[in-house]
Amino acid sequence: MTSERYNAREAEPKWQTIWDERELFRTRNDDPRPKYYVLEMFPYPSGRIHMGHVRNYAMGDVVARYKRARGFNVLHPMGWDAFGMPAENAAMANKVHPAQWTYANIATMRGQLKSMGLSLDWHREVATCDPSYYRHQQRMFLDFLSAGLVDRKTAKVNWDPVDQTVLANEQVIDGRGWRSGALVEQRELTQWFFKITDYAQDLNDALDGLERWPEKVRVMQKNWIGRSEGLSVRFALDAATTPSGETEVEIYTTRPDTLFGAKFIAIAADHPLARAAGARDQALADFIAECKRTGTAAELIEKAEKKGYDTGIRAVHPFDPSWTLPVYVANFVLMEYGTGAIFGCPAHDERDLEFANAYGLGNTVVVCPAGVDPAGFVVTDKPYVEDGLLVNSRFLDGMTTAQAKDEVARRLEAETRGNAPVGRRKVNFRLRDWGISRQRYWGCPIPIIHCDACGALPVPLADLPVKLPDDVTFDVPGNPLDRHPTWKHVACPQCGAKARRETDTMDTFVDSSWYFARFTDPWIETSPTDRGAVDGWLPVDQYIGGIEHAILHLLYSRFFTRAMRKTGHAGVDEPFAGLFTQGMVVHETYKGPDGAWVSPAEVRIESDGAARKASLLSNGGTVEIGPIEKMSKSKKNTVDPDDIIGTYGADTARWFMLSDSPPERDVIWTEEGVQGAARFVQRLWRLTGELATLAAPVGTAAPAAFGPEALAIRKAAHRALIRVEEDVERLRFNRCVAHIYELSNALSAAIGAVTTETRPADVAWAFREAADILIALVSPMMPHLAEECWQALGHDTLVADTRWQEPDRALVVEDTVLMPVQVNGKKRAELTIARDASNDVVEAAALALEPVQRALEGRPVRKVVVVPQRIVNVVG
RNA sequence: GCGGUCAUGGCGGAAUUGGUAGACGCGCUAGCUUGAGGUGCUAGUUCUUUAACCGGAGUGGAGGUUCGAGUCCUCUUGACCGCACCA
């Protein structure tokens, strides 16, 4: 009955329809079972899904289906991160409206995802570009504004000259726009900011509690937040050297212990004191201008050598009125960090040493490594930056670094000048507020009205949503909202005079900062979230996505959830309890005879013994096989999921994506690999057919006793069950696959050993049990094939709707164990012995073995180490 | 420069967390089957010696701890990732 090949093309849509009709994956918020929320990062509707999506969603689906089988009420939704630049670029290139382009892409991609057979609750689908979604985002923006979490300020911002918009700091990578790749410029603009820095401390500290996050991501976020503890110190200025009434400069340091090693003060080019000094010194003004010029491209700053200019101003050392330090304007000091001014201690800071050496400022060692004679300890071109004991530092001498830091802080906090302490302990963060204004059309409008008389006012709640106008043009660069003839003209909600709408839209990362909350009740119209639903479902138990969002999306979402809590829209701080970052899908690259990239679909690969040769399918031209790289359109090394699903079926694609590599590592897509997966699909189908003829009917009562053959079959099945369970829980899908292969190999062997004629009842029962377990194990990974097999095994239920079987752990415990016997650490023999044999018995049996005696070569036995049920080591 | 991860057959990778290294898959070799050439089955596949058994070596390299190290420690080489004037 199952002699023919399994036909995925027929079976897969059939089962998808059946799941759909039975609403198997529709999740209800009032379901009393314990909740489990599994979520994969939602896609941008770029047009078609790619293999990275297949891998990501296959992993999530395994977890979702497994947890469902374990009796959880699983929430596994899908939506679309639908605002963004590509829609506008398409509009410009093809004269199609961004909305039309986006919704057409969504329709295509929804169909592709459905063909994968994912256990998604499509009733909860959301698209962030839909007013029914972004109206709530506007509402939250206004709530955040009332709660003091939104700021409007003029600031130096990152300007992407290609995309013609502002970018957040997180979106600038190596000085370039994260999307356009263009060198980012610095511009002064008035922008809306989310005050993520209000939560800097909490965002930092709470990382320690995220135990189910990859260490790597936590470290990256910590570095990005950049918390440092230090001291700000007000240095008095020598009045005779000061241009126009400035009396002091405040610096920030994390090394107050090295204050007696100070050689200079350095201030940023845009520091007020620098500006004042520049006003009376043309050469200095030129230098400042030069610093600012190089300051437009972040990439250049990093490569620039350290340059400074002596302002002539002298600062007075806080512990010695007779000691003055030169004040330099320096190109490496950033106005944005700390106070925009530092003191330089060349002996103990790399940068300061480079600067001091360039300008002949010398250095004094004030920290000496413990156990080293200070007299001979000098610094020339490499500073000593570690902790140690203080020297050359008056009252600090002999103290440790920590003691000295504390002592300096204590003394300077106690000392006052002009009624304020000279020193203040201060915690500084690298994290900046999140600038969310974007000068683009295809985004969520910022619900603000600007009135010349009343200022920037919130749009009244009753007027939400502020909808994007449909009639826009993209024929000229810039923001279509800004040049729309009518859209921005409104009456001031306060005085009624003519006023203007804010024409900036929100960063699309705002859209993705709360979609996981909206999924918990996407139907509610009166507020962004239903508190019962959001508090019941959050945090997401398992979130799966790419590492590229380690700081962007994953940090913004953590902030946004806190802000939602503050404004009453959620009851938790952390959105994602468990995070998994999966690796990429990579593929060989190919270059044709003309040196142009060639797609895998156009290439024929032939094996010549161990060597592989590639040629063009069209004309046999020589193709050069290049390095394995991330699938990208530019290198043409992509494989279209539609083609794979059309040729092999979704199950084969899913199985291969899960089988080859550990999920956190990159997986190499190969034709041989897919074919191997496809072979297993057919093999499993044939094996199921054989098992169906050998197995006892569904519902047969277990026999009273099992013979050795039956027991062996049962052990193999339950061992696989235990192992797969353990590995799915830890998302080690490649190991799950190996365990399933092992079980099917074992069952094939068992079938070979038992003929139909001599099949006893206990063996038939064991085959029934093992077959059911095998298919249940396969079902989260290859759900369609599993249903087909489940049916072939005589079930009238769905395997997708079947509870996970509890393994019988006692079954896999053997009566006898096989212990390797080593002599001096080298394995010489094996010993099969009763599991509960005493160490004495094991030792005697081991020593009696002939290969052991041979290896001892007559030497006396000095010691025998017996690790029960593990190993014996004879030392002789 | 700083921080992190990793290094195991021809390839992807396993290894009960200090206890038989190479599970499982791919590829390859031989034979059978099918049949004409993307099927199935059987056997083999770390290297080396051997007809075979028995041996010897072996987890990037050099040391160390231990009865025992792919796993722990020190040094070193290489690859990848993140951050990069953050005071």
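To find a chain, count down the sequence lines: A is the first, B the second, and so on, and within it residues start at 1. This structure is a prediction, so every number in the text was calculated from the model and none was measured. Basis for what follows: all heavy atoms, side chains included, without hydrogens, waters or symmetry-related copies.
- Between rC81(B) and rC86(B), the two P atoms lie 23 Å apart (nearest whole Å).
- Backbone-only engagement by Y741(A) is indicated by non-hydrogen atom pairs under 4.0 Å involving sugar-phosphate atoms exclusively.
- Base pairing of rA36(B): no nucleotide in any strand meets the Watson-Crick or G-U wobble criterion (both distances under 3.5 Å).
- When heavy atoms are screened at a 4.0 angstrom cut-off, E830(A) is found touching base atoms of the nucleic acid.
- Contact check, R683(A) against rG40(B): no side-chain N or O comes under 4.0 Å of OP1 or OP2.
- For rU8(B) and rG31(B), the C1' atoms lie 32 Å apart once the distance is rounded to whole Å.
- Note on R732(A): every side-chain N or O is 4.0 Å or more away from OP1 and OP2 of rU16(B).
- The base-pairing partner of rU5(B), taking Watson-Crick or G-U wobble contacts with both distances under 3.5 Å, is rA79(B).
- Nearest to the side chain of E350(A), among rC24(B), rG13(B), rG1(B), sits rG1(B).
- Here the separation of rA52(B) from rG44(B), taken at their P atoms, is 15 Å to the nearest Å.
- Distance noted for atom P between rA23(B) and rC75(B): 35 Å (whole Å).
- Between D208(A) and K222(A) a salt bridge is recorded (basic side-chain N to carboxylate O distance below 4.0 Å).
- As judged by a 4.0 angstrom heavy-atom cut-off over every strand, D352(A) is placed among residues making no nucleic acid contact.
- Distances were taken from every side-chain heavy atom of E742(A) (C-beta onward) to each of rC24(B), rU17(B), rG12(B); the shortest belongs to rC24(B).
- In this structure, I547(A) reaches neither bases nor backbone, as no heavy-atom distance under 4.0 Å exists between it and the strands shown.
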I need a per-nucleotide contact map over nucleotides 65-73 of chain B, read 5' to 3'. Cutoff is protein heavy atoms under 4.0 Å; write B for the base, S for backbone only, - otherwise. --BS-----
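- Annotated as anti: rG38(B), whose O4'-C1'-N torsion sits more than 90° from 0.
- Across all strands shown, rA21(B) forms no Watson-Crick or G-U wobble pair with both key distances under 3.5 Å.
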Candidate pair E290(A) and K307(A), rule salt bridge (charged side-chain N to carboxylate O under 4.0 Å, His left out), full reasoning: CA-CA 11 Å; E290(A) 187 194 324; K307(A) 280 189 193 158; 3.3 Å; yes
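- When the side-chain nitrogen and oxygen atoms of R218(A) are compared with OP1 and OP2 of rG3(B), none of them lie within a distance under 4.0 Å.
- As rounded to the nearest Å, rU20(B) and rC67(B) have C1' atoms that lie 16 Å from one another.
- Close to rC41(B), at under 4.0 Å from its OP1 or OP2, lies a side-chain N or O of R686(A).
- From T670(A), atom OG1 reaches atom CD1 of I628(A) across 9.0 Å, with rounding to the nearest 0.5 Å.
- Going from atom CG of N223(A) over to atom C1' of rC86(B) covers 11 Å, rounded to whole Å.
- Following rounding to the nearest Å, L849(A) (CG) and rC54(B) (C1') show an atom-to-atom distance of 17 Å.
- Rounding to whole angstrom units, CZ of residue R679(A) and P of rU39(B) are separated by 6 Å.
- The structure places CD of E729(A) at 9.0 Å from CG of L731(A), a figure rounded to the nearest 0.5 Å.
- Both the sub-6.0 Å distance and the 45° axial angle are not jointly satisfied by R5(A) relative to the ring of W685(A).
- Nearest nucleotide to the side chain of R665(A), out of rG13(B), rG82(B), rG19(B): rG13(B).
- Base engagement by Q675(A) is indicated by at least one non-hydrogen atom pair under 4.0 Å involving a base atom.
- Judged by Watson-Crick or G-U wobble contacts below 3.5 Å, the nucleotide rA51(B) has no partner.
- The listed nucleotides are rC83(B), rA87(B), rG25(B); the one nearest the side chain of T254(A) is rA87(B).
- The phosphate of rC86(B) (OP1 or OP2) has a side-chain N or O of R351(A) nearer than 4.0 angstrom.
- Distances were taken from every side-chain heavy atom of R828(A) (C-beta onward) to each of rA87(B), rG56(B), rA84(B); the shortest belongs to rG56(B).
- The distance from atom NZ of K827(A) to atom P of rU20(B) is 10 Å, rounded to the nearest whole Å.
- Checked against rG38(B), rU20(B), rA23(B), the side chain of Y648(A) finds its nearest nucleotide in rG38(B).
- Atom C1' of rC6(B) sits at a distance of 35 Å from the matching atom of rG55(B), rounded to the whole Å.
- Separating the CZ atom of F733(A) from the C1' atom of rC24(B) is a distance of 17 Å, rounded to the nearest angstrom.
- Using C1' as the reference atom, rU46(B) and rA14(B) are 15 Å apart when rounded to the nearest Å.
- For R854(A) and rC54(B), the shortest distance from a side-chain N or O to OP1 or OP2 is not below 4.0 Å.
- Straight-line distance from the CD atom of E671(A) to the C1' atom of rG38(B): 9 Å, rounded to whole Å.
- Here the two rings, on F264(A) and Y359(A), have centers that are 6.0 Å apart or farther.
- Regarding K826(A), its NZ atom lies at a distance of 15 Å from the C1' atom of rC54(B), rounded to whole Å.
- The Y337(A) side chain lies nearest to rC86(B) when the options are rC85(B), rC86(B), rG25(B).
- The partner of rA87(B) cannot be assigned: no Watson-Crick or G-U wobble pair with both contacts below 3.5 Å exists in any strand.
- With a cut-off of 3.5 Å on both Watson-Crick or G-U wobble distances, the partner of rA69(B) is given as none.
- Looking only at side-chain heavy atoms (C-beta outward), P627(A) and E629(A) come within less than 4.5 Å of each other.
- At a threshold of 4.0 angstrom between heavy atoms, the contacts of N428(A) with the nucleic acid are absent.
- Toward the 5′ end of RNA chain B lies the nearest nucleotide of R604(A), the other residue of the pair G226(A) and R604(A) mapping further downstream.
- Base orientation of rU33(B): anti, the glycosidic angle falling outside 90° of 0.
- Taking atom CE of M819(A) as the reference point, atom C1' of rG19(B) lies 10 Å away to the nearest angstrom.
- Of the nucleotides present, rG10(B) is the one that pairs with rC26(B) by Watson-Crick or G-U wobble criteria, both distances under 3.5 Å.
- Between the P atoms of rU48(B) and rU34(B), the separation comes to 36 Å (whole Å).
- A salt bridge links R854(A) with E850(A): the closest approach of a Lys/Arg side-chain nitrogen to an acidic carboxylate oxygen falls below 4.0 angstrom.
- The ring of Y648(A) has its center no closer than 6.0 angstrom to the ring center of F656(A).
- Comparing rG25(B), rG82(B), rA87(B) by their nearest atom to the side chain of N745(A) picks out rG25(B).
- Residue S659(A) is out of contact with every strand shown, counting any heavy-atom pair closer than 4.0 Å.
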CA sep, side-chain torsions, deciding dist, call: R218(A), E215(A), salt bridge (charged side-chain N to carboxylate O under 4.0 Å, His left out): CA-CA 5 Å; R218(A) 290 192 283 174; E215(A) 182 64 21; 2.9 Å; yes
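- When each of R719(A), R732(A), R809(A) is paired with E725(A), the salt bridge (Lys or Arg N to Asp or Glu O under 4.0 Å) condition holds for R809(A) and for no other.
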